[in-house]
Amino acid sequence: MVEETPWQQALRYANRANPYPFYEALGKTPVARQPDGTHVVSTYREIVTLRPPRSPWGLSV
């Protein structure tokens, strides 16, 4: 059996009562590649760097 990533564990219904240990693990690796090839970006700092710049009028440029 393949070990689940913290992201996969946090998404399990059984872990919804206390997802915080998994959130903490996600914060230690803010950009994590998943087995299906996608990436999970889990911290605000990394998300902000991925956001496109905005014009003074609030429109994406």
Side-chain angles (χ1 to χ4, degrees):
M1 179 178 226
V2 177
E3 185 176 334
E4 291 184 320
T5 65
W7 175 250
Q8 291 170 321
Q9 292 174 14
L11 293 178
R12 287 189 159 276
Y13 185 79
N15 295 331
R16 287 187 182 181
N18 185 16
Y20 299 104
F22 308 109
Y23 294 159
E24 184 178 348
L26 287 172
K28 293 177 183 174
T29 307
V31 180
R33 187 178 175 119
Q34 301 303 297
D36 66 356
T38 61
H39 289 82
V40 172
V41 180
S42 60
T43 62
Y44 181 79
R45 176 180 279 164
E46 278 70 26
I47 291 171
V48 168
T49 61
L50 294 173
R51 190 178 69 189
R54 296 190 174 264
S55 71
W57 302 280
L59 303 173
S60 294
V61 291

Taking only residues two or more places apart in sequence, or in another chain, which ones meet Thr49 in a side-chain hydrogen bond (donor to acceptor under 3.5 Å, both in side chains)? none

Enumerate donor-acceptor pairs with a distance under 3.5 Å from any side-chain N or O in residues 14-33 to protein atoms, sequence neighbours excluded.
unit_1: Asn15; atom_1: ND2; unit_2: Gln9; atom_2: O; d: 2.8

Residue set satisfying side-chain hydrogen bond (donor to acceptor under 3.5 Å, both in side chains) with Thr5, at least two apart, ordered chain then number -> Gln8, Gln34

